[in-house]
2 protein chains.
Amino acid sequence: MRSPKFSPLYRQIRDLLLDSLQAGEWRPGQPIPSEMELADRFHVSQGTVRKAIDALAADNLLVRRQGKGTFVATHGEPQVRFRFLRLTPDTGQPAAVERQLLDFRRTRAGTELARQLLIKAGDPAVMIKRVLIFAGDPVVVEEVWLPGHLFKGLTAASVTEHRGALYNLFETQFGTRMVRAEERIKAALADAPTAECLRVPLSHPLLLVERVSFSYADQPVEWRRGFYKTDCHFYRSELG
Amino acid sequence: MRSPKFSPLYRQIRDLLLDSLQAGEWRPGQPIPSEMELADRFHVSQGTVRKAIDALAADNLLVRRQGKGTFVATHGEPQVRFRFLRLTPDTGQPAAVERQLLDFRRTRAGTELARQLLIKAGDPAVMIKRVLIFAGDPVVVEEVWLPGHLFKGLTAASVTEHRGALYNLFETQFGTRMVRAEERIKAALADAPTAECLRVPLSHPLLLVERVSFSYADQPVEWRRGFYKTDCHFYRSELG
DNA sequence: GAGTGGTCTAGACCACTAG
DNA sequence: TAGTGGTCTAGACCACTCC
């Protein structure tokens, strides 16, 4: 039952499941086959399938629900949002967020964007600029850059009409699920347009947050750059 | 073999191991008993001990080394440091860090510190103020606050003489191992003394980073407050 | 070769969900 | 009641380290 590849069986099974996820064989929110079914399909024991699923569940790609099945994780569940929006009010109680679209543009990737998303300079790209408003207070202004070929039908209207996180829209309408992201944070001073957006004086201190988001197989599919007002909010980071 | 507590066996074993770690039965860097020994001690199968150890290894409390044994994790290994020091040079290559002690004081906890460390206002406390210098460039100035009763023999000399991370000193000299931490980040402007420390102009933008560190059993045992200069470095955060 | 952790299996039983 | 994931066991064998 050992395979030629020097890799434990459960890891090979995990990779096969990852392939199926990437290929869209099972959609976000939908159940994958039961452990016994998968064990039969791959000709391994249920325990080995279990270890493979454990690994994917640990990475938040799958969600187990006892008695019901194992499901493809989705950005629809509210608790997932706080994994990607690290800004918390000083008071502790997260308020509802309102999104206001400032700009939507189809353009071409510059060299910097091309480098971040592993595409070619001049390839089609989409730019979304928006403000996030917490309890009436504009707190974040950010630009979101996407590779155009993955988001062909995306329009300003679809962004404006969509309720909920952008990542929810991306996965339901375009089959692109953001799995993880890396952020780089610096301190910055508000320039004139940013200051106006966030209703702060010029040269007000802000966080400058840059994010690269990755889909399955560590494919970079989004680049963000935002200014965060931290007068009444803080950026939460857990070290372990 | 089921226990009266409504908790799976492997979790009970994990808690027992956690108790031993907290009690200092095995010191950082030392091996714990083999899986078979522990299985005999707790009257469970090796597989159950294995699951308990898996959980602790996932939380970075234990480190497995095939063929050698399972060891209590330590802050001595260099790769652990980057889990707690999230500042990275823009160039990518982390430089050696130099630490310069500015102040060392035994004092009493104020209400804010008492709240953070779950001690009483007026209890003994230790304050360490220092600068972190990367490749000759002062990048971080921070205050570290500790509960006095856990660090009775700590002196300015022991901090100055120690080579390596503070957490390394804490675990080797005082048996207190920092397991995880929570940080809150805001944007701030340099005041006069901070500007002088970091060699930046007044009102230069800085990150304000507050940290609470926890030992075993989520006991808070350290509070930090630091200013980070992000001209040539950035704060790294991973979302997933 | 002996001892350690790492993998894999087969089978039993428990806990939860749904029809 | 049937089907799912969750726990636990016992045993076999592999991979690595050290003597």
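Note on naming: letters A, B, ... go to the chains in the order of the sequence lines (proteins, then strands), and numbering restarts at 1 for each one.
- Of the residues near DNA chain D, Arg50(A) and Gly67(A), the one whose nearest nucleotide (by heavy atom distance) lies more toward the 5' end is Gly67(A).
- In terms of phosphate contacts, Thr48(A) brings a side-chain nitrogen or oxygen within less than 4.0 Å of OP1 or OP2 of dT9(C).
- Taking 4.0 angstrom as the limit, Lys68(A) places a side-chain polar atom (N or O) nearer than this to OP1 or OP2 of dA18(C).
- Closest approach to the Gln66(A) side chain among dC8(C), dC16(C), dT7(D) is made by dC16(C) (side chain taken as heavy atoms from C-beta onward).
- In this structure, the side chain of Arg83(B) engages the main chain of Gly240(A) through a donor-acceptor pair within 3.5 Å.
- Among the duplex regions that DNA chain C forms, those built from at least three successive Watson-Crick or G-U pairs under 3.5 Å are C:1-18 with D:1-18, ordered by first number.
- In this structure, Phe84(A) has its ring center closer than 6.0 angstrom to the ring center of His75(A).
- Proximity of residues 22-36 of chain B to DNA chain D (heavy atom under 4.0 angstrom from any strand atom) is not detected for any residue.
- Applying the 4.0 Å criterion to OP1 and OP2 of dG5(C), one finds that Thr70(B) has a side-chain N or O inside that range.
- Note on Arg64(A): a side-chain N or O is less than 4.0 Å away from OP1 or OP2 of dG6(D).
- Between Tyr10(A) and Gln46(A), the residue whose closest nucleotide on DNA chain C is further toward the 5' end is Tyr10(A).
- Cation-pi geometry between Arg184(B) and Tyr235(A) is not met at under 6.0 angstrom from the ring centre and within 45 degrees of the axis.
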